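All values derive from a computational prediction rather than experimental measurement.
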Amino acid sequence: MNREALILGVGATPFGRHLDRGAGDLVGQAAHEALRDAGLTPADVGAVFHATVSQKAIDGQHMIPGQVALRPHGFAGVPVVNVENACAGGATALWLAIAHVRAGLSDVALAVGVDKLVCADPAQGLAVFDGAMDIAHREETLAALAALTEPLPPELSADGDRSVFTEIYASLARAHMQRFGTTEAHLAAVSAKNHAHSVHNPRAHFRRAFTAQEILAARRVAWPLTVPMCSPVSDGAAAVVVTRSDFTRDESAVAVLSSVLLSGTDRAADDAGRHIGRRAALAAYEKAGIGPQDVDVAEVHDATAFGEIQQVENLGFCPIGDGGPWSASGAGALGGTVPVNPSGGLESRGHPVSATGLAQVFELVSQLRGRAGERQVPDAHIAIAENGGGLYGIEEAVAAVTILGRTR
């Protein structure tokens with residue numbers, strides 16, 4: 001039996017504000033789009049891996065959210081596994097679907113992710129993120145992160161409502177700036193690039209270009225981060241159909257070269273070489289038998305612009321510490337050395353948490369098939385997705401890296 005895993009179909013709703021739609025409606029749309037793309041029906045699916053946070057935290061559907069969301073759309077009788085792994089929930093569902101198919105348990109598995117985070121009370125949507133860290137030691141964790149750099153002067157204090165993770169990313173960004181010389185201008189360059197990419201993505205939450213100057217002048221959220229540098233609160237769903245190469249001869253299928261999921265470790269703050277994202281990337285490259293120099297296009301977890309700077313370092317596109325200058329040079333833009341986040345990334349495409357990792361794969365499959373329209377990376381053969389979730393200590397609690405390859 002040839003157990004090479006393939007991605008046969010992908011689907012995604014537009015990300016944005018969907019006040020008139022429920023999570024089940026959104027996930028049903030994405031799932032059926034992915035199945036149509038694969039030329040299959042719900043009856044062909046042997047198992048479903050369903051990721052969500054909001055159905056539990058906001059809707060109160062603490063148990064069986066996948067069964068409740070999917071049965072009205074024809075997914076009955078098959079195993080439905082409910083997944084939660086913070087912002088890496090969708091990527092974790094995909095990791096499970098790939099493992100399921102490779103184990104020979106089913107010919108076809110479906111990974112879906114959905115979240116509705118836009119609420120009548122915005123604070124309710126932001127509060128969802130509070131549970132993505134060790135709540136028993138919340139204040140100690142935030143204090144330890146803040147202690148990585150000198151205290152901020154009062155004139156640089158935060159403005160307006162924000163999630164706790166904005167504060168976390170700001171602390172990590174300031175530490176990177178202090179250690180490596182990363183600047184606000186570097187952050188603005190990343191954000192401007194991603195907003196420019198999203199103009200060509202019809203599924204993106206935001207499709208407006210910003211200049212770096214506009215981004216720097218925007219409302220400050222937590223220094224050095226301004227609003228356009230941060231991902232919005234979004235609703236949306238995405239889905240991916242996984243099968244084996246002996247199940248299909250469809251030339252549009254995309255090969256899964258590697259799929260890695262890791263948890264964090266205890267490490268010193270200055271030991272960037274052991275960062276969870278770096279460890280996951282190195283493991284994924286080894287399993288795929290390639291290196292960073294072979295990657296044509298990437299999607300990374302830019303919950304803020306700093307996230308992208310850190311992850312292009314972790315993925316080996318540049319030395320650790322050089323992510324700011326590398327990004328400001330245009331190397332990660334369309335037409336650059338390794339285009340990063342051609343979808344617009346979390347900053348512009350949006351971030352409905354559990355759908356994000358699968359939306360990254362949606363974009364990369366579109367790129368490898370040559371179907372990305374005006375944001376197409378020419379002749380893309382190898383693609384990589386990095387998706388992180390939560391915080392434990394000084395880094396993400398979970399990291400997923402997936403490497404895909406064109407089959408034709």
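- For T356, the side-chain hydrogen bond (donor to acceptor under 3.5 Å, both in side chains) criterion is met by H351, not counting sequence neighbours.
- The backbone N or O of G291 sits less than 3.5 Å from a side-chain atom of D294, completing a donor-acceptor pair.
- Between H275 and Q310 the shortest side-chain heavy-atom distance falls below 4.5 Å.
- Under a 3.5 Å cut-off, the side chain of D121 and the backbone N or O of A123 do form a donor-acceptor pair.
- The shortest side-chain heavy-atom distance between R349 and S198 does not fall under the 4.5 Å cut-off.
- A heavy-atom distance below 4.5 Å is not found between the side chains of F317 and Q311.
- A donor-acceptor contact shorter than 3.5 Å links the side chain of D44 to the backbone of T41.
- Listed for the S231 side chain is no donor-acceptor partner under 3.5 Å among the backbone atoms of E347.
- With sequence neighbours excluded, the residues forming a ring pair (Phe, Tyr, Trp, His ring centres under 6.0 Å) with F180 are H176, listed by chain and number.
- Applying the salt bridge (charged side-chain N to carboxylate O under 4.0 Å, His left out) definition to pairs two or more places apart or across chains, those involving residues 370-395 are R267-E395, E363-R375, D379-R406.
- The environment of I135 atom CD1 is sparse: at most 12 non-hydrogen atoms of other residues, nucleotides or ligands sit within 6.0 angstrom.
- The closest side-chain heavy-atom distance from V45 to L40 is not below 4.5 Å.
- Here the side chains of L70 and V27 are in contact, with some heavy-atom distance below 4.5 Å.
- At least one side-chain heavy atom of N194 sits less than 4.5 Å from a side-chain heavy atom of D302.
- Q55 places no side-chain N or O within 3.5 Å of a backbone atom of Q61 that could act as its donor or acceptor partner.
- Remark: aromatic rings of F210 and H195 are close, center separation under 6.0 Å.
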(request) Check step by step if side-chain contact (heavy atoms from CB on, under 4.5 Å) holds for T183 and L187. (result) CA-CA 7 Å; T183 67; L187 296 167; over 6 Å; no

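- Nearest heavy atom pair, residue P232 against residue H205, reads CG-ND1, 3.7 Å.
- In this structure a side-chain-to-backbone donor-acceptor pair under 3.5 Å is missing from R17 to V118.
- Rounded to the nearest 0.5 angstrom, T243 OG1 and I98 CD1 are separated by 12.0 Å.
- A salt bridge links R244 with D107; the closest basic N to acidic carboxylate O contact falls under 4.0 Å.
- Residue pairs meeting the side-chain hydrogen bond (donor to acceptor under 3.5 Å, both in side chains) criterion with at least one member in residues 316-340, sequence neighbours excluded, do not occur.
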(request) I would like to know whether L94 and V242 meet side-chain contact (heavy atoms from CB on, under 4.5 Å); could you show each step before the answer? (result) CA-CA 8 Å; L94 178 62; V242 182; 3.7 Å; yes

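- Ion pairing between R369 and D37 holds under the 4.0 Å rule for side-chain N and carboxylate O.
- Not one N or O on the side chain of H137 forms a donor-acceptor pair closer than 3.5 Å with the backbone of M133.
- A search for side-chain hydrogen bond (donor to acceptor under 3.5 Å, both in side chains) contacts involving N201 returns nothing, not counting sequence neighbours.
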(request) Would you check, one step at a time, whether the test side chain to side chain donor-acceptor pair (under 3.5 Å) holds for D250 with T248? (result) CA-CA 6 Å; D250 191 330; T248 181; 4.9 Å; no

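- A heavy-atom distance below 4.5 Å is not found between the side chains of T166 and F129.
- Nearest heavy atoms, V53 versus S354: N-OG, 3.3 Å.
- A donor-acceptor pair under 3.5 Å links the side-chain atoms of N82 to the main chain of G66, judged by distance alone.
- Salt-bridge formation is detected for the pair E308/K193: a Lys NZ or Arg NE/NH1/NH2 atom is positioned less than 4.0 Å from an Asp or Glu carboxylate oxygen.
- In terms of heavy atoms, I58 sits closest to C119 at CD1-SG, 3.6 Å.
- For Q376, the side-chain hydrogen bond (donor to acceptor under 3.5 Å, both in side chains) partners at least two apart in sequence or on another chain are Q367.
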(message) Applying side chain to side chain donor-acceptor pair (under 3.5 Å) to S343 and E299, what does each step give before you reach the verdict?
(response) CA-CA 8 Å; S343 68; E299 285 279 316; 2.8 Å; yes

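- The closest donor-acceptor contact from the side chain of S234 to the backbone of G350 lies at 3.5 Å or more, if one exists at all.
- In plain terms, the two heavy atoms of A237 and L26 that are nearest each other are CB-O, 3.5 Å.
- N387 places no side-chain N or O within donor-acceptor distance of the main-chain N or O of H301, the cut-off being under 3.5 Å.
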(message) Between R208 and V199, is the side-chain contact (heavy atoms from CB on, under 4.5 Å) condition met? List the steps.
(response) CA-CA 6 Å; R208 174 191 164 189; V199 169; 5.9 Å; no

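- Pairing each heavy atom of V114 with each of H50, the nearest pair is CG1-NE2, 3.8 Å.
- The two residues P342 and L334 come nearest to each other via the heavy atoms CB-CD2, 4.1 Å.
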